[in-house]
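What follows is a single structure, written as structure tokens, with notes after it.
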Amino acid sequence: MSKPLSRRDLTRLAPLEHRFYQRDTVDVAVSLLGKLILRELPEGLIAVRLTEVEAYLGVVDRACHTFGGRRTPRTEVMWGDAGRLYVYFTYGMHHCANVVTRAAGVPEAVLLRGALPVLGREVVVARRGGRDGRTLLDGPGKLCQGLGLDRADNGADLTSASGVWLADDGARVPDAWVRRGPRVGVASAGEAAAWPLRFQVELDSMTAVAE
DNA sequence: GACCAGATGTACT
DNA sequence: GTACATCTGGTCT
């Protein structure tokens, strides 16, 4: 890619707009690859580039929390407007973050699964307990831990540049770099388990664009 | 690479 | 009350 982005460059980027999230969930998932997550923390601004996501298709998707129209306090954010963050707690110790898509009343989302640090790597490493390397942010629980996301961020508005938001710095991920496959951890979801809704950028390609 | 323990919120009976 | 979860890290092979 071009020269490394400075903190100043990053704070000038406009957040992705509301209409970005209102599209088809699979389209949103694919176009999120290569986008930046910006995160304000007491330690400073952090930026990471998304490398892996999964689409969750709402009421018809057995793997989705809102399958069959489930609407509970936990899933309430998914039923709301697009462009918000849905964070939930799982396995007794991990958080997972999703971005809500489509229109209010259509509870679909994209799970953020993996990323590479662009700014504030040392902060991320510290929050990850000193672990570094290629596995730094290669899972949804790790991503939340590294970015300091938890249930306090559930419902956060991603279209305003405060707390946490997403932005496009112009980096493009060619289709040839994207691997498509079945989602992780949804084996018991019947036929939905096989749907190819996981999208992952080949890491070797991505490192070229990550810096 | 495969296997497994770990810890607790959430959904449903 | 109970089963299980959009997972991770450590251990063993």
Side-chain angles (χ1 to χ4, degrees), chain A residues 21 24-30 32-33 35 37 48 50-80 82-102 106-117 124-156 158 164 166 178-204:
Chain A
Y21 301 99
D24 175 81
T25 302
V26 171
D27 290 346
V28 175
V30 172
L32 277 173
L33 294 174
K35 296 293 187 290
I37 308 176
V48 302
L50 276 167
T51 58
E52 187 180 349
V53 297
E54 285 178 357
Y56 284 86
L57 304 184
V59 298
V60 299
D61 181 356
R62 193 173 289 277
C64 185
H65 288 168
T66 56
F67 173 71
R70 247 176 314 188
R71 184 165 188 166
T72 66
R74 182 177 64 150
T75 64
E76 192 55 34
V77 172
M78 282 190 70
W79 287 89
R84 293 195 174 263
L85 197 65
Y86 169 46
V87 184
Y88 64 88
F89 184 70
T90 189
Y91 288 102
M93 61 191 96
H94 303 296
H95 295 276
C96 292
N98 303 248
V99 301
V100 177
T101 59
R102 303 287 303 268
V106 184
E108 303 187 10
V110 176
L111 172 65
L112 309 177
R113 286 195 60 89
L116 293 172
V124 176
V125 170
R127 286 193 173 252
R128 289 275 298 120
R131 299 177 189 83
D132 199 351
R134 293 203 138 195
T135 60
L136 182 62
L137 294 173
D138 68 345
K142 297 178 183 182
L143 192 59
C144 284
Q145 187 183 30
L147 295 184
L149 294 170
D150 60 30
R151 272 169 302 175
D153 301 292
N154 188 38
L158 298 171
V164 55
L166 277 73
V178 179
R179 208 163 34 194
R180 229 181 213 258
R183 292 168 295 181
V184 175
V186 299
S188 59
E191 65 170 30
W195 294 351
L197 296 179
R198 180 188 189 194
F199 305 94
Q200 184 175 29
V201 182
E202 308 270 354
L203 255 195
D204 291 329

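Letters A, B, ... mirror the listed sequences (proteins, then strands); counts begin at 1. Bear in mind that the values here come from a model prediction, so they are computed numbers and not experimental data.
- For the pair A:Arg183 CZ and C:dA5 P, the computed distance is 14 Å after rounding to whole Å.
- At whole-Å resolution of the value, CZ in A:Phe67 and P in C:dA5 are 14 Å apart.
- Expressed to the nearest 0.5 Å, how far CZ of A:Phe67 lies from CG of A:Leu57 amounts to 12.0 Å.
- The CG-P distance, from A:Leu149 to C:dT6, rounds to 18 Å in whole Å.
- The ring-ring contact (aromatic ring centres under 6.0 Å, His included) test applied to A:His95 returns A:Phe89, not counting sequence neighbours.
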Checklist entry - Would A:Ile37 and A:Leu147 satisfy side chain to side chain contact (heavy atoms under 4.5 Å, CB included), going step by step from the backbone distance to the final call? => result CA-CA 9 Å; A:Ile37 308 176; A:Leu147 295 184; 3.9 Å; yes
Next on the checklist: Checking A:Asp138 against A:Lys142 for the salt bridge (Lys or Arg N to Asp or Glu O under 4.0 Å) test, could you report, in this order, the C-alpha distance in whole Å, the side-chain angles of both residues, the deciding distance, and whether it holds?
Outcome noted: CA-CA 7 Å; A:Asp138 68 345; A:Lys142 297 178 183 182; 2.6 Å; yes
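- The line from CZ of A:Arg198 to CZ of A:Arg180 is 13.5 Å long, rounded to the nearest 0.5 Å.
- The separation between A:Asn98 atom CG and C:dC7 atom P is 11 Å, rounded to whole Å.
- For A:Arg84, the side chain to side chain donor-acceptor pair (under 3.5 Å) criterion is met by no residue, not counting sequence neighbours.
- For residues 144-153 of chain A, every residue pair satisfying the salt bridge (Lys or Arg N to Asp or Glu O under 4.0 Å) rule, not counting sequence neighbours, is listed here: A:Arg39-A:Asp153.
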Could you pull out the protein-nucleic contacts involving nucleotides 10-13 of chain C (nitrogen or oxygen on both sides, under 3.5 Å)?
none

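- Across the protein-nucleic acid pair, A:Arg113 atom CZ and C:dT8 atom C1' stand 11 Å apart, rounded to whole Å.
- Here salt bridge (Lys or Arg N to Asp or Glu O under 4.0 Å) pairs that include residues 88-100 of chain A, with residues two or more places apart or in two chains, number zero.
- Counting heavy atoms from C-beta outward, A:Val53 and A:Val99 have side chains that stay 4.5 Å or more apart.
- Applying the salt bridge (Lys or Arg N to Asp or Glu O under 4.0 Å) test to pairs two or more places apart or on separate chains, none has a residue in residues 88-101 of chain A.
- From A:Tyr56, atom OH reaches atom CG of A:Asn98 across 8.0 Å, with rounding to the nearest 0.5 Å.
- The distance from the OG1 atom of A:Thr101 to the CG atom of A:Asp24 is 8.0 Å, given to the nearest 0.5 Å.
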Next on the checklist: One character per nucleotide, please: for nucleotides 2-13 of chain B, 5' to 3', B when the base has a protein heavy atom closer than 4.0 Å, S when only the sugar-phosphate does, - otherwise.
Outcome noted: ----BBBSSSS-
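- Sequence neighbours left out, the pairs with a member in residues 56-67 of chain A that pass salt bridge (Lys or Arg N to Asp or Glu O under 4.0 Å) are A:Asp61-A:Arg183.
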Item to check | Verdict with supporting geometry, A:Phe199 and A:Val26, side chain to side chain contact (heavy atoms under 4.5 Å, CB included) | outcome: CA-CA 9 Å; A:Phe199 305 94; A:Val26 171; 3.8 Å; yes
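- A:Arg128 comes within contact range of the sugar-phosphate backbone alone, with a heavy-atom separation under 4.0 Å but no base atom that close.
- With sequence neighbours excluded, the residues that form a side chain to side chain donor-acceptor pair (under 3.5 Å) with A:Gln200 are A:Glu52, A:Arg179.
- Atom CD of A:Glu54 is separated from atom C1' of C:dC7 by 12 Å (rounded to the nearest Å).
- Residues of residues 136-144 of chain A having a heavy atom closer than 4.0 Å to DNA chain B: none are found.
- Helical stems of DNA chain B (runs of at least 3 Watson-Crick or G-U pairs, donor-acceptor distances under 3.5 Å) are listed by first residue: B:1-6 with C:7-12, B:8-12 with C:1-5.
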Restricting both atoms to N or O, compile the protein contacts to nucleotides 1-4 of chain C shorter than 3.5 Å, with distance only.
none

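- A:Tyr88 places its OH atom 11 Å from the P atom of C:dA5, with the value rounded to the nearest Å.
- We find the OG1-CD distance between A:Thr25 and A:Glu54 to be 13.5 Å, quoted to the nearest 0.5 Å.
- OP1 and OP2 of C:dT6 both lie 4.0 Å or more from every side-chain N or O belonging to A:Arg198.
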